[in-house]
Amino acid sequence: MIAGERFDVIVIGAGVVGSSVAMALAERGLKTLAVDIDLSGRLSSSEKNAGGVRATWWQRVNIALCRASIEYYQRVRDEVGFRQKGYLWLYDKDTFAGAVEHIPLQRELGHQIEALTPTDVHCRVPEIDKLDGIAGATFSPEDGLINPNLLKEHYRACALKLGAQFLDRTYVVAIDAGASNVRLQCWQSDEPHTDEGLIRMMTQDGPGEAETGRVFELNCDSIVIAGGAWSPTAMKLLGLRNWTQPIRRQVCIVDNRETNLANYGMIVDTSGVYFHNEGPHILAGYSPPDEPPGYHFNYDGEPFFLNEIWPRMYARMSSMERLRHVTGWAGLYEVSPDRSAIVGRADPTKRVYEAHSFSGRGVMQSYGAGQALADLIAHGKYSAFDASALSRDRFDRNEQVWEELHI
């Protein structure tokens, strides 16, 4: 029963990151509640991504949190659909030197990675038969692909088993955060929302006049903002500066009966297109650099495939000449100024914490980030996983954690 209960921590947002945080808090014996406007996550970044997991990054904290997550995914691989088939990353002449320069750091942190010549690339993946523009590549065998929905449900199941609770169709209307107590004014809808209703609610600051539901109050010692691209709503209620923007990312499911990429993991081309096998099809995505920020969920369909995906894939592989569009979707990255997550204490005077703005690596870092933040909340300091470099005050200190390998 939620009414009248007091919680140690309330997590606002229960996507893959929020659910990981809830599990980690429950593991530490904290009475935890996670609230979300839509636990199914129809519009969440957790459900609308390419499923890649890699520790191939250039910043120490990003490598470390991804390594911690990968080690956990290895232990529960069957539950979360983790397939370690590696990441093959192709570089042009402007980026390959930087990739090689960061290999010692990656190896220092336990990340297996090797440098390849263009000839090596063709030998590794014969389908890549057009080598123009490839200066070199890296291959990381422990990286791979995961089922984000299964991962989210795994976190939730573990959290529930440990006593955590999840509250659906719940919108936080107001937050009164003191030094030792936090009160949340909440509204819970009577019925599930449509996609259009969810977008209207999240972009127009609350339920409309036509919505029916109940208003109630929740009390806790601490809160965590983990709403992904929707986190600015909670930050606005707390008077916190929002550093990030939602950016649309489109992913296509395509078909080529002549080519089967099932033996490979994720491949990232020099052009920025990325792709991997997806059942009987191929999943391919591309992020146009001029994509405007905003809560845009319209999928541009076959024109996006024909203009952005097919030319880049055919320019790299002759076998993609007859590639055809099947379906696809659009989702959101929540992109920070340095393209790294914001994790830590959101307000030094209050018990307000945050874990959001992962800029496309929420699934990759969800376990490590959840464990790190739970230690900070439960013990007042980081323990096994140090995420201090990701605190929001880095922007004021001009100590950004700029991440180069962003797609």
Side-chain angles (χ1 to χ4, degrees), residues 43 45 48-52 54 56-59 62 66 87-99 101-102 128 130 132-138 203 228-229 231-232 242-254 266-276 282-317 320 323 325 328-342 356-365 395 400-407:
L43 297 180
S45 302
K48 293 181 175 290
N49 64 79
R54 59 181 163 108
T56 303
W57 297 98
W58 288 9
Q59 292 290 341
N62 289 328
C66 286
Y87 254 73
L88 177 64
W89 198 294
L90 312 182
Y91 301 91
D92 59 23
K93 61 182 178 61
D94 295 326
T95 55
F96 186 53
E101 179 184 340
H102 286 83
I128 298 178
K130 299 178 182 180
D132 292 349
I134 300 177
T138 58
T203 57
S231 293
N242 171 43
W243 287 101
T244 57
Q245 294 180 314
I247 305 290
R248 180 179 65 159
R249 291 293 183 257
Q250 298 189 69
V251 174
C252 299
I253 300 298
V254 299
M266 183 76 83
I267 299 174
V268 184
D269 185 48
T270 58
S271 66
V273 70
Y274 53 91
F275 52 94
H276 65 75
I282 297 170
L283 180 152
Y286 177 71
S287 305
D290 58 351
E291 179 71 36
Y295 291 96
H296 308 305
F297 286 94
N298 54 299
Y299 173 56
D300 293 338
E302 190 164 12
F304 178 77
F305 162 75
L306 291 174
N307 293 328
E308 306 290 1
I309 300 294
W310 180 80
R312 290 176 169 86
M313 294 187 71
Y314 179 54
R316 187 59 66 207
M317 295 176 286
M320 296 296 162
L323 196 65
H325 177 261
W329 62 83
L332 297 176
Y333 278 7
E334 71 271 23
V335 182
S336 73
D338 59 5
R339 307 193 297 202
S340 287
I342 301 176
H356 55 79
S357 304
F358 282 83
S359 303
R361 69 188 70 99
V363 169
M364 303 184 197
Q365 294 186 324
F395 300 117
Q400 296 192 18
V401 186
W402 178 260
E403 191 52 70
E404 196 68 35
L405 297 185
H406 176 79
I407 56 175

Practice item. Sequence neighbours left out, what passes salt bridge (Lys or Arg N to Asp or Glu O under 4.0 Å) with R316? Give chain and number order. Key: D269
Check your understanding: Between F304 and C252, what is the shortest heavy-atom contact and its length?
Key -> CD2-SG, 3.6 Å
Point to revise | Set of residues satisfying side-chain contact (heavy atoms from CB on, under 4.5 Å) with respect to S231, sequence neighbours excluded | key: I225, M235, H356
Exercise for review: List for me each residue that meets side chain to side chain donor-acceptor pair (under 3.5 Å) alongside R54, sequence neighbours excluded, and say none if there are none.
Suggested key: none
Exercise for review: Taking atom types as modelled, find out whether Y286 and S271 have a side-chain donor-acceptor pair closer than 3.5 angstrom.
Suggested key: no
Study note, to complete from the structure: Residues at least two apart in sequence or cross-chain that pass side-chain contact (heavy atoms from CB on, under 4.5 Å) with N298, listed by chain then number, are R248, H296, D300
Revision key, fill the gap. In terms of heavy-atom contacts, C66 and Q365 come closest through SG-CG, 3.4 Å
Check your understanding: Of all residues at least two apart in sequence or in a different chain, which pass the ring-ring contact (aromatic ring centres under 6.0 Å, His included) check with Y87?
Key -> none
Study note, to complete from the structure: Correct closest heavy-atom pair for L405 and T56 would be CD1-O, 3.4 Å
Check your understanding: Considering only heavy atoms from C-beta outward, does the side chain of S357 approach that of W243 to under 4.5 Å?
Key -> no
Study note, to complete from the structure: The side-chain contact (heavy atoms from CB on, under 4.5 Å) partners of P311 (sequence neighbours excluded) come to none
Check your understanding: In chain order, what residues pass the side-chain contact (heavy atoms from CB on, under 4.5 Å) check against K130, with sequence neighbours excluded?
Key -> Y314, S318
Revision key, fill the gap. Sequence neighbours excluded, the answer for side chain to side chain donor-acceptor pair (under 3.5 Å) partners of W329 is none
Exercise for review: Any pair with a residue in residues 329-339 that passes salt bridge (charged side-chain N to carboxylate O under 4.0 Å, His left out), sequence neighbours left out, goes on the list, sorted by first then second residue, please.
Suggested key: D338-R394
**Study point:** Pairing residues for Y299 by the side chain to side chain donor-acceptor pair (under 3.5 Å) criterion, not counting sequence neighbours
**Key:** H325
Practice item. Would you indicate whether the side-chain heavy atoms of F275 and I309 approach each other to under 4.5 Å? Key: no
Exercise for review: Kindly write out the residues that satisfy side chain to side chain donor-acceptor pair (under 3.5 Å) with E308, not counting sequence neighbours, or none if the list is empty.
Suggested key: R312
Review point. Is the backbone N or O of W402 less than 3.5 Å from a side-chain atom of Q59, with the two atoms forming a donor-acceptor pair by type?
Key: yes
Check your understanding: Where is the tightest heavy-atom contact between V268 and I407, given as atom of each residue plus distance?
Key -> CG1-CG2, 4.1 Å
Practice item. Ignoring hydrogens and angles, tell me if any N or O in the side chain of T270 forms a donor-acceptor pair with the backbone of G133 under 3.5 Å. Key: no
Practice item. Would you mind reporting whether L323 and F305 have side-chain heavy atoms less than 4.5 Å apart? Key: yes
Exercise for review: Ignoring hydrogens and angles, tell me if any N or O in the side chain of E403 forms a donor-acceptor pair with the backbone of W57 under 3.5 Å.
Suggested key: no
